[in-house]
Colleague: 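Got a structure here, written out as structure tokens. Questions coming.
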Amino acid sequence: MRRLLRNRSGMLGLGIVIIFVVMTLLAPVLRPYNAATDRNLALRLKPPSTEHLMGTDELGRDVLTRVWHGGRVSLSVAVLVVAGSAVLGTLLGVLAGLTGGWLDMVLSWFVDILLAFPGILLAITIVATLGATLSNALIAISIMGIPGYFRVMRSSVLGLRDLEFVQAATALGSSRFRVAFRHILPNGLSPLIVQVTVDLGRTVLTIAALGFLGLGAQPPTPEWGLMIKSGYSQFLNAPWLSIAPGFAIYLSVLGFNLLGDAIRDVLDPQLRG
Amino acid sequence: MNRAKRMIALLLAAFLGIAAAQVPGSTLIVGMTTLPNTIDSADANDSGSIGVTRQIVDRLVELGETELGPGLALRWEATEDSTAWTFYLREGVSFHDGTPFNAEAVKFSLDRWNDRSNPYHFASDGKAYVGWRNLFGGFLNDGSALDEVTVVDEYTVKLDLNRSISFLPSLLAAGYFGFDSPAAVMAAGANYGTPSVGSVGTGPYRFEQWQEGSRLVLRANPDYWGGAPQTEQIVFVGVGDQTARLAQLKAGAIDIASDLAPSDLPSINADPNIEAILGSGGLNTSYLAMHQNQPPFDNVLVRRAVAHAIDRQAIVDAFYAGQAVLARDIIPTVLWGHGDYEAYAYDPKLSRELLTQAGYPDGFSTELWFRSSGLEPVIAEVIASYLADVGIQAAVKTEDWASYLANYMAGNFPMYTLGWNADFPDPDTFVYTFYGPPAVRRFGLERPDVVALVERAREVPSQEERQALYARALTEIHDEVPMLTLAHESKFLVVRTGVEGVVMNPLGGFPRLNNATKATN
Amino acid sequence: MNTYILRRVLGTIPVLLGVTFLVFAVNRIIPSNPAVAILGDKGTVEAQEQLAEELGLNKPVFLDLQGYRATGELKALFDSQYVAYMRDLLTGDLGRSFMTRAPVVDSLRVRFPATMELAFFAIIIGAGLGVLLGVVAALNRSTWVDTTMLFIAVSGVSFPVFWTAIILIYVFSVNLGWFPPAGRLAVTSTIEPITGMHVLDALLRGQFNLALSALHHLVLPAFALGTNAMALIMRMTRSSMLEVLQRDYMRTAKSKGLMPRVVVLKHALRNALLPIVTVAGLSFGALLSGAILIEAIFNWPGIGSWVYNAITQRDYPIIQGGILFVAGVFVVLNLLVDLSYVLIDPRIRY
């Protein structure tokens with residue numbers, strides 16, 4: 001822990017993340033917003049000014065407010081997505097590692113199939129089938145993240161399974177699953193934490209990418225990727241529409257990545273890239 | 001506009017190129033929203049595809065500025081009851097592959113479109129011939145009005161119908177019915193009209209190359225029967241974004257741009273390098289529909305309340321820059337067949353009274369769905385504000401086109417906006433499409449008496465009788481208010497100054513470019 | 001060793017089969033009729049039903065249990081959409097697009113090289129810049145140069161790739177005018193396809209100015225696409241080089257009196273090459289994924305935009321053919337990377 005505190009870039013990352021989380025939580029308090037009723041056709045496409053620090057968009061809405069509330073959307077969805085992937089992936093991975101045999105083969109096969117889809121292609125296919133909404137995007141990106149956790153936990157289990165203390169516990173009569181939860185999981189925790197921090201940044205990017213393609217959040221929800229997309233068609237006369245939300249994405253992902261790298265350096269120096 | 005200058009510089013640099021591009025004779029570059037889906041004209045059902053095929057193939061009958069005129073058929077005559085038509089074809093015309101155009105060629109194509117068992121119909125390969133089905137009623141022995149095509153002599157062909165269609169020439173002027181070379185179709189099989197094969201017709205331009213996703217190239221046909229085209233080559237490119245299309249036109253990267261926004265007209269008129277080619281009257285209608293499966297729109301008082309709540313004239317004035325007229329009913333003002341009644345006036349007070357009468361003194365909540373393209377997003381917002389003024393809280397929503405289609409057709413939308421473009425210059429394409437059998441699906445409207453009127457109007461031989469039938473149907477519909485018609489929009493093109501000879505097509509689709517020229521700099 | 005290779009190669013087959021399964025299931029299990037989207041607003045209910053019938057969409061998706069029970073024949077069990085598709089697939093027939101009725105294979109022949117060319121140049125830029133910056137970072141370890149490089153590396157994976165593209169267009173295309181904002185070539189230029197990759201084809205035909213134009217159009221999209229890979233490769237290069245530089249034999253070589261710079265560049269880099277190649281190969285997947293976004297912005301007629309449009313239009317044959325093809329390429333690439341790892345590094349035992 002002390003080593004973490006000494007890692008400067010990690011602290012920077014932590015700082016950024018904390019700022020984002022705080023701002024996200026405070027958003028409805030400091031600057032309440034109702035996306036459905038927000039429109040002011042008289043103030044369309046105004047460049048940044050003292051009144052509107054990031055300008056206004058094609059419906060006259062204040063960009064800064066929308067970027068701020070967009071943070072709520074991105075961060076809350078990202079947390080849910082990572083939680084979903086982590087829980088499912090861990091369960092399946094531990095299961096595969098412990099039971100072995102044909103269940104392991106089948107689960108690994110399924111995960112390999114998911115991995116055969118490069119990047120967001122899988123998410124796009126799922127969302128297009130289920131319908132383009134933010135909740136479906138959530139499901140799709142969650143599924144996309146499962147293989148990562150599956151592999152990490154499975155190899156963790158495989159590595160620990162044959163260690164003495166585990167064998168001792170089994171010999172003493174604990175069921176396999178109790179063994180898993182009480183002994184293996186805590187020791188497999190560090191690669192899990194590393195995976196989570198890496199995943200958070202990547203998830204925010206994917207949410208934005210789906211929003212940009214029109215397959216995630218739908219208007220009038222203030223989602224960063226969607227804002228970049230709507231802003232792009234006005235790019236020549238109103239570039240601020242796309243620049244602001246993009247910068248927000250960059251900063252938040254940067255925070256997660258810096259923090260994640262620092263945690264990884266501390267917990268598992270072997271994995272250092 | 002410093003940015004515009006930079007755009008001009010960079011696009012010209014790319015255009016003229018480090019690459020010494022071979023620009024033969026002269027070339028016109030056309031920027032459309034998207035490249036065609038197919039250039040088999042009968043199989044096409046989108047305006048992009050029809051626009052390109054219009055350069056390659058000819059129809060039997062062509063629509064001039066206001067009237068029908070000869071195309072590949074010089075003249076035609078019908079029996080008294082309009083159930084048998086004879087077409088006298090133009091002689092001495094050849095397809096681009098050298099094969100002759102004659103009655104056999106006409107029969108080949110008509111049979112191919114009409115008969116599902118024809119070896120060149122290719123239904124199992126996905127060709128659906130939507131245009132033929134809608135305009136002729138179906139296919140051979142399954143709803144089609146066309147029973148048989150007879151080759152009387154080399155340049156005379158006879159069409160036998162199983163019902164009276166007095167406006168058959170109008171039908172045949174539709175963009176779908178361009179005639180292809182039988183030899184080319186037989187050689188290409190189901191691949192006819194795809195990028196690797198193209199299409200072969202009798203038109204002013206012949207197909208040269210189609211790089212899918214990039215561009216489609218046509219070359220002038222010097223032997224065209226209507227006179228050799230002035231421009232040697234036409235290149236079609238797809239620029240999906242409307243703003244980008246205008247920007248490229250301003251920068252000179254493209255010469256002609258289609259589907260630009262009316263709100264850009266002031267900026268277009270102010271720019272000396274480009275000019276707008278305006279149309280004369282739009283054969284299209286945009287509308288706000290209310291589905292009667294979704295309460296409270298099953299109550300006619302509520303629908304009338306909506307009709308009075310919206311200031312349609314203000315919308316037309318605000319968003320179309322003078323390029324649209326208020327739609328009194330579904331038929332465009334330039335066509336005949338209108339009903340005789342007062343259009344719904346903007347009267348919010350009356351609207352509130354009607355709502356109270358209907359049992360909604362405090363209004364109600366509903367959804368208003370719109371397509372996420374063109375003016376619909378903004379207009380939907382404006383309509384929602386008008387509705388809010390009388391107490392109707394309408395949440396505006398949109399989704400992708402494929403889902404939108406499925407949902408509106410399934411009756412899942414209480415209110416939705418859409419539009420319709422005429423396929424051919426006759427009221428039938430409007431009235432039948434909306435108040436004929438499809439009315440049930442579109443609005444949940446069950447008026448078999450109106451459907452009967454509309455179907456009868458297809459079969460009656462004289463235009464006066466048809467006019468009377470349509471007028472009656474529309475007057476009946478007027479009181480029902482299944483939808484609120486909004487505007488007839490005059491489509492326009494924008495060209496670089498120096499491009500001459502481009503005239504808008506009355507049907508609204510992309511016009512023929514056989515007379516277009518470009519001043520060489 | 002050979003059994004390992006064989007096992008790995010054969011192991012890709014069930015994975016690819018699984019991909020066809022998954023794509024099929026995801027597309028066709030949901031009860032929506034693509035004929036609605038195909039026929040558009042002009043489609044009537046009869047037309048939609050008839051087209052669905054013609055396209056075989058009314059058949060059961062995977063197995064025809066009803067038909068089997070009715071006739072008792074095993075053959076009837078397999079009268080399904082999936083079996084029909086796989087049968088065609090084995091003969092190389094990927095079907096026809098629902099929207100355009102053009103054979104999927106024909107489109108692939110145009111679309112795939114476009115994306116490959118883009119990905120190839122993205123990797124070159126990414127690897128080139130990545131190695132360069134990584135070497136600089138490694139040589140200047142723990143100085144401000146190193147910190148800056150590391151920051152660039154983290155930033156490189158933190159930027160949304162579509163935003164990078166937009167910013168690049170704005171700065172280098174709209175404002176500075178150095179590069180074109182879209183397309184593979186100028187509108188009036190043509191390169192007769194041999195491989196479908198414009199630079200290669202133009203060079204093969206001796207049309208050097210066209211090759212140059214194609215390259216000119218490639219710079220911005222390839223750079224945008226490659227920033228992610230660049231960041232990863234830079235870090236990998238840096239850490240590999242650091243590791244190698246510290247090894248004993250390096251110190252021995254140094255002490256033998258060889259010039260430090262020469263030592264670095266020749267020995268260190270060569271030894272550090274393996275993990276760099278690995279990362280490059282593995283980045284390819286991210287490239288294919290980013291290609292969808294880049295192609296949309298630059299109007300690039302590649303597989304990404306093709307499959308994406310097909311997905312929004314419910315054009316199943318393109319979705320299936322495109323995804324299967326891309327997954328196939330991806331799986332093969334991963335396989336090659338894995339195998340090369342085994343072949344090159346004798347320390348790894350299987």
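Chain naming here is simple, since letters A, B, ... match the order of the sequence lines and numbering starts at 1 in each.
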Colleague: Supply the atom-to-atom distance C/Gln48 CD to B/Met409 CE, rounded to the nearest 0.5 angstrom.
Modeller: 5.0 Å
Colleague: Check whether B/Phe139 gets within reach of chain C through its side chain, its backbone, both or neither, counting any heavy atom under 4.5 Å.
Modeller: side chain
Colleague: Nearest 0.5 Å please: distance from the CG atom of B/Asp43 over to the OG1 atom of C/Thr100.
Modeller: 9.5 Å
Colleague: Look only at the side chain of C/Asn33 and the backbone of B/Ala406, and say whether a donor-acceptor pair between them is shorter than 3.5 Å.
Modeller: no
Colleague: When heavy-atom pairs shorter than 4.5 Å are enumerated against chain C, which of B/Ala128, B/Ala123, B/Ser214 gives the highest number?
Modeller: B/Ala123
Colleague: Do C/Arg184 and B/Gln211 have side-chain heavy atoms sitting under 4.5 Å apart?
Modeller: no
Colleague: If the contact rule is any heavy atom under 4.5 Å from chain B, which residues of residues 87-98 of chain C qualify, in numerical order?
Modeller: C/Arg96
Colleague: So what's closer than 4.5 Å to chain C heavy atoms on B/Ala410: side chain, backbone, both or neither?
Modeller: neither
Colleague: Only counting residues at least two apart or in another chain, list the ones meeting side chain to side chain donor-acceptor pair (under 3.5 Å) with B/Thr231.
Modeller: none
Colleague: Mind checking whether B/Asn191 and C/Pro103 have side chains closer than 4.5 Å, heavy atoms only?
Modeller: yes
Colleague: Say you draw a straight line from NZ of C/Lys42 to CG of B/Asn421; how long is it, rounded to the nearest 0.5 Å?
Modeller: 6.5 Å
Colleague: Using heavy-atom distances under 4.5 Å, tell me whether B/Ser403 contacts chain C through its side chain, its backbone, both, or neither.
Modeller: both
Colleague: Grab the two heavy atoms, one from C/Gln50 and one from B/Asp142, that are nearest each other, plus how far apart they are.
Modeller: NE2-OD2, 4.0 Å
Colleague: Chain B heavy atoms under 4.5 Å from C/Thr312: which part of the residue, side chain, backbone, both or neither?
Modeller: backbone
Colleague: With respect to chain C, which residue among B/Val217, B/Ile254, B/Asp423 yields the maximal number of heavy-atom pairs within a distance under 4.5 Å?
Modeller: B/Asp423
Colleague: Can you tell me which of B/Asp400, B/Thr194, B/Val130, B/Asp125 forms the most heavy-atom pairs within a distance under 4.5 Å of chain C?
Modeller: B/Asp125
Colleague: Could you go step by step and tell me if B/Arg133 and C/Leu39 meet the side chain to side chain contact (heavy atoms under 4.5 Å, CB included) rule?
Modeller: CA-CA 11 Å; B/Arg133 178 197 288 269; C/Leu39 298 178; over 6 Å; no
Colleague: Flag yes if more than 12 heavy atoms outside C/Phe24 fall under 6.0 Å of its CZ atom; otherwise flag no.
Modeller: yes
Colleague: Report the residue from B/Trp420, B/Tyr408, B/Tyr404, B/Trp401 that forms a side-chain hydrogen bond (donor to acceptor under 3.5 Å, both in side chains) with C/Asp41.
Modeller: B/Tyr408
Colleague: Can you tell me if CZ on C/Phe120 sees more than 12 non-hydrogen neighbours from other groups inside 6.0 Å?
Modeller: no
Colleague: Could you pull out the closest heavy-atom pair between C/Thr44 and B/Asn134, with the gap in Å?
Modeller: CG2-OD1, 3.8 Å
Colleague: List the residues meeting side-chain contact (heavy atoms from CB on, under 4.5 Å) with B/Leu35, not counting sequence neighbours, and say none if there are none.
Modeller: B/Trp210, B/Leu216, B/Phe236
Colleague: Do you know which two heavy atoms are closest between B/Arg441 and C/Gly43, and how far apart they sit?
Modeller: NH1-O, 3.2 Å
Colleague: By a 4.5 Å heavy-atom criterion (distance strictly below it), what part of C/Arg111 contacts chain B: side chain, backbone, both, or neither?
Modeller: side chain
Colleague: Tell me, for C/Leu215 versus chain B, whether the close heavy atoms (under 4.5 Å) come from the side chain, the backbone, both or neither.
Modeller: neither
Colleague: What are the two closest non-hydrogen atoms of B/Ser196 and C/Asp106, and how far apart are they?
Modeller: OG-OD2, 3.5 Å
Colleague: Most heavy-atom pairs under 4.5 angstrom with chain B, which of C/Glu54, C/Arg109, C/Glu46?
Modeller: C/Glu54
Colleague: At under 4.5 Å between heavy atoms, what parts of residues 295-310 of chain C are in contact with chain B? List them by residue number.
Modeller: C/Asn299, C/Pro301, C/Trp306
Colleague: Please flag which part of C/Leu55 lies under 4.5 Å from any non-hydrogen atom of chain B: side chain, backbone, both or neither.
Modeller: side chain
Colleague: So which of B/Thr433, B/Leu418, B/Leu405, B/Asp241 has the largest heavy-atom pair count under 4.5 angstrom toward chain C?
Modeller: B/Leu405
Colleague: Run C/Arg101 and B/Asp40 through salt bridge (Lys or Arg N to Asp or Glu O under 4.0 Å) and show every step you take.
Modeller: CA-CA 10 Å; C/Arg101 278 71 76 186; B/Asp40 179 1; over 6 Å; no
